[in-house]
Amino acid sequence: MPKPNIFITIDTEHSIGGAFADPALKPVGNDKRIYGRVDGKEYGIPLIMDIADRYGIPLTFFVEVLNKYYFGENETREVCEYILGRGHDVQLHLHPNYLNFREENPGAQRYRDNMSAYSLEEQSALIAEGKELLTRYCGRAPIAFRAGNYGADANTLKALKENGFFIDSSYNAAFPKHSRRICEDQINDAVHLHGVWELPITNFIEDVPFKGRRLKPLDLNGVSFAEMKSVIDQSCPGQGLENLTIILHSFSFVKALDVQYSRCKIRNYVVQRFENLCRFLHERRDALACSNLADFSSKGQFKNGAAEFFKVAPHLSVLRGIEQKVFEF
């Protein structure tokens, strides 16, 4: 019986850093947002890979490339070479708001940040540009894409098909304003749409008394290890989801205390969550198949999955809420 596939994905991106609102401010680049350099140590993608490598867990980094309009190309080329040099996967991520730095007045924000703000033809051109850049940086073409802010729509998938992509991973059911533009139906597993495979961020049902019922994505900064483990445990072969997609960011371990990242604190409890997750996946390697998207697409094939959303015990969500309040403030 096939094992559930586990994909750990990292959105790897810079920050506008308040520059649109205040021209005196500058976007925040590799040092803080990608490498997470604080007090002489690295808490960004180097630490993410250190932990994953300790347990043999492959990773996919969705790397944003339109930042070239502020930083130039070397900034992101360096990041791609570093990730590939450590044996992990690089795929395409776009934040079109960086196009504003082509303008005399970036703060006017002529260009919107969500892909859905653009026509099919405009999206196809943006994706083609991103693909060309990433192919040059990596020496191979990307096969997967994630829109910034999950802000894709059906035209995004059509544009990806036009550009030879195999996977989109922009759908997140916890953000219905965006997800319904991709697909009216709720999905929580791989579905073939508009000629590409939609691989959604995995969500579960949080149902805490007096708080209400809502969907929560498997985002390392927003859910506990215990909640992630519960969802994975419920996806036993033949009983649950066939594909589970977890998200974090290059800066997940760092909390900025100002928009310029001049003051930061380390989210050690999030670091521990990731350590626990990778250790658990390693211990369960006989029952779970961890892969990156490039390797999976070259060897495996998706099939249409169910829209099942598992419930997590309320006390786990309550405990996570307490943990967040204690360590975030």
Side-chain angles (χ1 to χ4, degrees), residues 1-11 60 62 89 91-94 114-116 120 123-124 127 131 142-206 214-219 223 228 231-232 234-247 288-312:
M1 189 171 291
K3 304 174 185 178
N5 298 307
I6 309 290
F7 302 104
I8 297 181
T9 63
I10 302 95
D11 286 7
T60 290
F62 282 100
D89 178 30
Q91 300 298 335
L92 183 62
H93 189 48
L94 293 181
N114 290 332
M115 291 292 288
S116 60
L120 172 59
Q123 290 196 52
S124 188
I127 289 166
K131 178 179 179 178
I143 52 87
F145 173 79
R146 179 173 291 150
N149 313 315
Y150 312 114
D153 63 4
N155 280 337
T156 312
L157 276 61
K158 295 173 187 176
L160 289 168
K161 171 65 175 174
E162 288 179 0
N163 282 280
F165 280 75
F166 180 60
I167 298 165
D168 178 66
S169 188
S170 304
Y171 185 99
N172 186 337
F175 295 81
K177 179 181 176 182
H178 297 311
S179 64
R180 286 179 186 144
R181 293 186 176 126
I182 298 174
C183 179
E184 282 291 333
D185 299 326
Q186 279 193 335
I187 61 175
N188 206 33
D189 205 340
V191 175
H192 202 249
L193 294 171
H194 304 292
V196 298
W197 283 99
E198 183 59 46
L199 185 66
I201 307 298
T202 303
N203 275 253
F204 65 87
I205 298 170
E206 178 193 82
R214 62 175 177 169
L215 292 175
K216 288 286 288 182
L218 295 190
D219 182 332
V223 300
M228 288 186 279
V231 174
I232 295 168
Q234 291 179 72
S235 290
C236 298
Q239 298 180 31
L241 300 173
E242 295 191 16
N243 304 283
L244 294 98
T245 304
I246 297 165
I247 182 172
L288 302 168
C290 294
S291 183
N292 66 48
L293 294 178
D295 286 347
F296 180 85
S297 66
S298 68
K299 301 173 187 174
Q301 179 62 270
F302 296 112
K303 62 180 182 178
N304 285 328
E308 188 168 8
F309 294 87
F310 297 121
K311 288 185 178 181
V312 166

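All of these numbers come straight from a predicted model, not from anything done at the bench.
Outside the 6.0 Å centre-distance limit, the rings of F204 and F310 are not counted as a close aromatic pair.
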Checking side chain to side chain contact (heavy atoms under 4.5 Å, CB included) for the pair R180/F175: CA distance, chi angles, key distance, verdict? CA-CA 9 Å; R180 286 179 186 144; F175 295 81; over 6 Å; no
Take T202 and L241 through the side chain to side chain contact (heavy atoms under 4.5 Å, CB included) test and state the conclusion after the steps. CA-CA 9 Å; T202 303; L241 300 173; 3.7 Å; yes
Show the numbers, then the answer: is there a side chain to side chain contact (heavy atoms under 4.5 Å, CB included) between I182 and T156? CA-CA 8 Å; I182 298 174; T156 312; over 6 Å; no
The test is side chain to side chain contact (heavy atoms under 4.5 Å, CB included); show your working for I167 and I143 and say whether it passes. CA-CA 6 Å; I167 298 165; I143 52 87; 4.1 Å; yes
Walk me through whether E206 and K216 qualify under salt bridge (Lys or Arg N to Asp or Glu O under 4.0 Å). CA-CA 6 Å; E206 178 193 82; K216 288 286 288 182; 5.0 Å; no
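Annotation: side chain of I6 is not in contact with side chain of S291 (no heavy-atom distance under 4.5 Å). Side chains of L215 and I205 form a contact here, defined as non-hydrogen atoms less than 4.5 Å apart. Counting only heavy atoms from C-beta outward, the side chains of I201 and S169 approach each other to under 4.5 Å. Using a 4.5 Å cut-off on side-chain heavy atoms (C-beta onward), Y150 and M115 make no contact. In this structure, H178 and N172 have side chains that are not in contact, with every pair of non-hydrogen atoms separated by 4.5 Å or more. You'll find the side chain of I127 reaches within 4.5 Å of the side chain of F165, heavy atoms only. With contacts defined as side-chain heavy-atom distances shorter than 4.5 Å, the pair L218/T245 does not qualify. Taking 4.5 Å as the limit, every side-chain heavy atom of F7 sits out of range of all side-chain heavy atoms of N292.
In this structure, OG1 on T60 lies 12.0 Å from CD1 on I247, to the nearest 0.5 angstrom. If you take CG on L157 and SG on C183, they are separated by 9.5 Å, rounding to the nearest 0.5 Å. Separating the CG atom in N149 from the CG atom in D11 is a distance of 9.5 Å, to the nearest 0.5 Å. Within the model, atoms OG of S179 and CD of E198 stand 9.5 Å from one another, a figure rounded to the nearest 0.5 Å. One finds the CG atom of N155 at 9.0 Å from the CD atom of E162 (value rounded to the nearest 0.5 Å). Between Y171 atom OH and N188 atom CG the span is 8.0 Å, to the nearest 0.5 Å.
The shortest non-hydrogen separation linking A154 to H194 is CB-NE2, 3.6 Å. When all heavy atoms of I187 and F309 are compared, the pair lying nearest together is O-CZ, 3.7 Å. Closest of all the heavy-atom pairs between G195 and K161 is O-CD, 3.5 Å. Here the closest non-hydrogen pair linking A174 and N203 is CB-OD1, 3.2 Å. Heavy atoms only, all atoms of each residue included: N243 and D189 are closest at ND2-OD1, 2.9 Å. In terms of heavy atoms, A294 sits closest to S297 at O-OG, 3.0 Å.
Side-chain atoms of Q91 and D89 include a donor-acceptor pair closer than 3.5 Å. Under the 3.5 Å distance criterion, with hydrogens and angles disregarded, no donor-acceptor pair is assigned to the side chains of S116 and D153.
Taking the six-membered ring where tryptophan is involved, the planes of F296 and F302 are tilted, since the angle between them lies from 30° to 60°.
Under the side chain to side chain donor-acceptor pair (under 3.5 Å) criterion, E242 pairs with no residue, sequence neighbours left out.
Ion pair D168/R146 not flagged as a salt bridge, since none of the NZ, NE, NH1 or NH2 atoms sits closer than 4.0 Å to an Asp/Glu carboxylate oxygen.
More than 12 non-hydrogen atoms from other residues, nucleotides or ligands lie less than 6.0 angstrom from NZ of K158.
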